[in-house]
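Worksheet: the structure to be examined is printed underneath.
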Amino acid sequence: MSIWEYANPKKFMQTSAWALPWLAGLSAACLVVGLIWGYFFTPDDYKQGSTVKIIYLHVPSAMMAINAWVMMLVTSLVWLIRRHHVSALAAKAAAPVGLTFTAIALVTGAFWGQPMWGTWWAWDPRLTSFLILTLFYLGYIALWQAIEDPDTAADLTSVLCIVGSVFALLSRYAVNFWNQGLHQGASLSLDKEENVADVFWFPLLVCIAGFVLLFLTLVLVRTRTEIRARRLQALLSRERLA
Amino acid sequence: MELVVTDLAVQRGGLTVLSLTYAAHADGLKAVLSVRENLEFWAAIHGVGGVREAMARMNLAELADRRAANLSAGQKRRLGLARLLVTGRPIWVLDEPTVSLDVASVALFAGVVRDHLASGGMALLATHIDLGLPEARVLDLAPFKAARPMVVAGGGFDDDSAGAFA
Amino acid sequence: MMALLSRDLRLAFRAGGGFGLGLAFFLLVAVLVPLGVGPEAQTLAKIAPGILWVGALLACLLSLDRIFALDFEDGSLDLLATAPIPLEAVVAIKALAHWLVTGLALTLVAPVLAVLMMLPAGGYVWLVASLALGTPALSVIGAFGAALTVGVKRGGLLLSLLVLPLYVPTLIFGAEVVKRGAMGMEVATPLLLLAGITAGSVALLPFASAAAIRVNLR
C-alpha cells in the first residue's frame with residue numbers, strides 16, 4: 001500500500017468518497033466547539049478587550065493561507081516529477097481555497113486593527129506579505145484559466161508555483177527589510193515565552209484543527225469536481241469521435 | 001506533419017533532432033528584415049554560410065535588399081524554402097512546400113530538392129501536387145484513413161468501467 | 001548567438017519595433033506624477049526614488065510580451081528550438097536584448113527625469129547604480145513571464161499579473177538604495193541584496209523559461 005496508489009483517479013475517487021463525510025463532520029464539530037468556546041467562554045483580554053477574540057478566525061486562516069501554498073508547491077512538484085494528474089488537479093483545486101483564506105486573514109486583521117491600531121490598514125511587513133501572497137494566488141489562478149489544454153496548463157502553473165515560491169519567500173524578507181512593522185509577534189510558537197495565555201490557547205488549537213480539516217474537505221471536494229470534469233471531457237471527446 | 005516531427009524528435013536514437021529542419025506554413029521570416037538579413041540570420045544560427053548561393057538557387061538575388069514585408073506570397077515562400085539551404089541539415093521535413101508557388105517556381109524548387117537528394121540528403125514532403133521527382137517514393141495516405149478514430153488515452157480519465165468515478 | 005542578439009536589436013530599432021515606447025512612458029510618469037501630486041520640491045524629493053523605480057518597472061513591463069510572442073507567431077521560435085544553440089541560451093540572449101533596449105536605456109535617462117522629480121543630489125549616483133544592477137533582473141523575470149504566456153492569445157494583461165508580484169523584491173531593494181542614497185545613509189546592504197537577486201535570477205530563471213517554452217511548443 002503506497003501513497004502513489006491515490007494517483008489513480010479511480011482509487012482516489014473511491015477513497016475520498018469514503019473519507020469526505022468524516023472530514024466534513026469533524027471539521028464542523030471542531031469549528032463549532034472551538035468558535036463557541038472561544039467566543040463565549042473565554043475572558044476578555046485585559047488590554048485588548050473582546051477584540052482579541054478575532055484570533056480564532058484570524059490566526060487559523062492566516063496559517064492555512066500559507067499552508068495551502070505549500071501544499072500547491074508539493075503537488076506541483078509531484079506532477080512535474082511523477083506526472084500524476086490527480087496531483088496537478090489537487091494543486092488547481094487548492095488555489096481558490098488558499099486565496100479565500102488569505103482574504104479572510106486580511107479582512108479579520110483589518111477588523112482587529114481598526115480598534116487596536118486605529119487604522120484599517122497599515123503597511124506592516126506581515127500585512128504587506130499577505131497582500132503580496134494574494135497577488136501570487138491571483139496570478140496562479142489566472143494562468144490556469146488562460147490555458148485551454150489541461151496538461152499544458154498543469155505544467156506551466158507548476159513551474160510558476162515553484163518560481164513563485166522562491167520569489168514569495170524573497171518578498172517576505174524584502175518586506176521585513178523595508179519596514180520593521182507594528183504587528184505583534186507570532187501568536188503560536190513552541191517557545192512558551194511568546195505564547196498567548198492558556199485560556200486562549202486551547203480553543204485556538206481546536207479552531208486550527210477545524211480549519212485544517214475544513215481545508216482538506218474543501219480541497220477534496222474541489223479535486224473530485226475537477227476529476228469529474230476531466231472525465232466528462234474524456235467521455236465527450238470519445239463520443240464525438242465514435 | 002507535426003506529429004512526424006515530434007516522433008522523430010522523440011526517437012533520438014541515431015537520428016537526432018539536430019539533423020533535421022522543417023518548413024511549414026509559418027516561415028520564420030521577419031517582415032522588417034531584408035531577404036539577405038533573414039537568410040544571414042538563419043545561416044549564422046546554424047553556423048553555415050551559402051547565403052548568396054541560396055538566394056541564387058531560389059531566384060531571389062535581385063530581391064536581396066528588399067524587406068520581407070514587401071515580397072509577394074510566392075516570393076516569401078521562396079525565401080522560406082531558401083532558408084532550408086542555409087541550415088545545412090540533411091533531412092528536410094516539408095509541409096505543403098509549394099503553396100502559392102507558380103509553375104516555374106515549383107520546377108525550380110523541385111530542382112533544389114533533387115540536388116539535395118543527390119548530395120545524400122533526404123526530404124519528407126506532404127504535398128497535393130506532383131513535383132515531378134522520379135526518384136520519390138510515394139506514401140499515399142488515403143487507404144490508411146482511419147475508419148473509426150481511436151481515442152487517445154487520457155491519463156486514466158477515460159476509464160469506462162462501471163462506477164469508475166462514483 | 002551574436003547573430004540572435006544583433007537580430008533582436010535590429011528588430012527592436014526598426015519601424016514598429018517598440019524601442020522608445022518604454023522611454024516615452026517613463027518620461028510621462030515623471031511628468032504626470034508632479035502634475036498630480038503638486039509642485040512642492042520637498043514632497044517630490046521624498047517620493048522621487050519610489051516613483052522613478054516604479055516608473056522604470058512599468059516601462060520595462062510594456063515591451064515584455066514582444067520577447068517571445070512575435071517569434072512564436074511567425075514560427076521562428078519553433079526553428080530556434082531545433083537550432084544548434086540550447087533554448088536556455090536563446091532565452092538568455094533574448095532577455096539580454098530586451099535589457100539593452102529597455103533597462104539600459106531607462107538607466108541612462110533616469111538622471112534627467114530625476115531632475116524633474118527633484119531628487120536630492122546624493123541620490124543620482126545610486127539611482128543609476130541601482131537601476132543598472134536591478135533592471136537585468138526585471139528583464140530576466142519578465143522573460144520568464146513571457147515564456148509562460150507565449151501560447152496565450154492577447155496575454156498581455158495576464159503577463160502583467162504574473163510578473164508584477166515577482167518584481168516585488170527587486171523594487172523594494174532598488175528603491176531602498178536610492179532612498180538611502182538620497183538621505184546620505186549607507187547603501188551597501190540593499191545594493192548587495194539587489195545584486196544578489198539579479199545574479200540569482202540571471203543564473204536560474206533562463207532554465208525555468210526554457211522549460212516553459214518547451215511546454216508551449218509541444
Side-chain angles (χ1 to χ4, degrees), chain B residues 1-10 12 15-34 36-49 51 67-71 76-77 79-84 86-96, chain C residues 1-21 63 65-98 100-101 150-151 153 206 210-211 213-218:
Chain B
M1 211 60 185
E2 274 186 30
L3 200 66
V4 174
V5 178
T6 321
D7 278 359
L8 286 175
V10 169
R12 288 190 176 203
L15 175 86
T16 72
V17 70
L18 289 185
S19 52
L20 172 154
T21 187
Y22 88 118
H25 306 293
D27 288 323
L29 302 177
K30 290 294 174 192
V32 295
L33 296 184
S34 71
R36 190 201 312 274
E37 285 169 332
N38 267 303
L39 286 177
E40 276 172 352
F41 168 66
W42 289 112
I45 286 290
H46 287 90
V48 290
V51 172
R67 289 189 173 192
N70 302 331
L71 297 179
K76 264 186 205 158
R77 197 75 198 136
L79 175 53
L81 295 171
R83 187 186 57 77
L84 297 172
V86 299
T87 58
R89 297 260 166 109
I91 304 174
W92 294 354
V93 181
L94 309 173
D95 190 4
E96 298 281 5
Chain C
M1 294 210 214
M2 282 310 291
L4 182 58
L5 183 63
S6 75
R7 180 193 77 146
D8 268 23
L9 292 178
R10 212 178 286 176
L11 287 175
F13 288 118
R14 292 235 170 126
F19 172 73
L21 277 182
S63 49
D65 60 341
R66 311 179 74 97
I67 299 184
F68 298 117
L70 298 180
D71 280 344
F72 182 71
E73 279 158 22
D74 66 19
S76 306
L77 202 55
D78 285 287
L79 297 170
L80 282 172
T82 54
I85 35 178
L87 197 52
E88 286 78 5
V90 171
V91 172
I93 295 283
K94 284 183 141 309
L96 173 63
H98 179 264
L100 288 173
V101 289
V150 72
K153 290 210 173 55
I213 288 180
R214 285 201 185 92
V215 170
N216 270 318
L217 289 181
R218 203 163 52 194

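Your options are S76(C), S6(C), G75(C), A3(C), and the one with the most heavy-atom pairs under 4.5 Å with chain B is S76(C).
Taking CZ from R7(C) and CZ from F41(B), the interatomic distance works out to 4.0 Å, rounded to the nearest 0.5 Å.
In this structure the side chain of R67(B) never reaches within 4.5 angstrom of the side chain of L33(B), judged on heavy atoms. The closest side-chain heavy-atom distance from L5(C) to L9(C) is below 4.5 Å.
The pair E96(B)-R77(B) does not meet the salt-bridge criterion, since no charged nitrogen lies less than 4.0 angstrom from a carboxylate oxygen. The residues E37(B) and R14(C) are annotated as salt-bridged, a charged nitrogen and a carboxylate oxygen being separated by less than 4.0 angstrom.
Contact annotation for L29(B): only backbone heavy atoms (N, CA, C, O) come within less than 4.5 Å of a heavy atom of chain C. With a 4.5 Å cut-off on non-hydrogen atoms, L80(C) touches chain B through its backbone and its side chain both. Looking at D71(C), both its backbone and its side chain come within 4.5 Å of chain B, counting heavy atoms on both sides. Contact annotation for I85(C): only side-chain heavy atoms (C-beta onward) come within less than 4.5 Å of a heavy atom of chain B.
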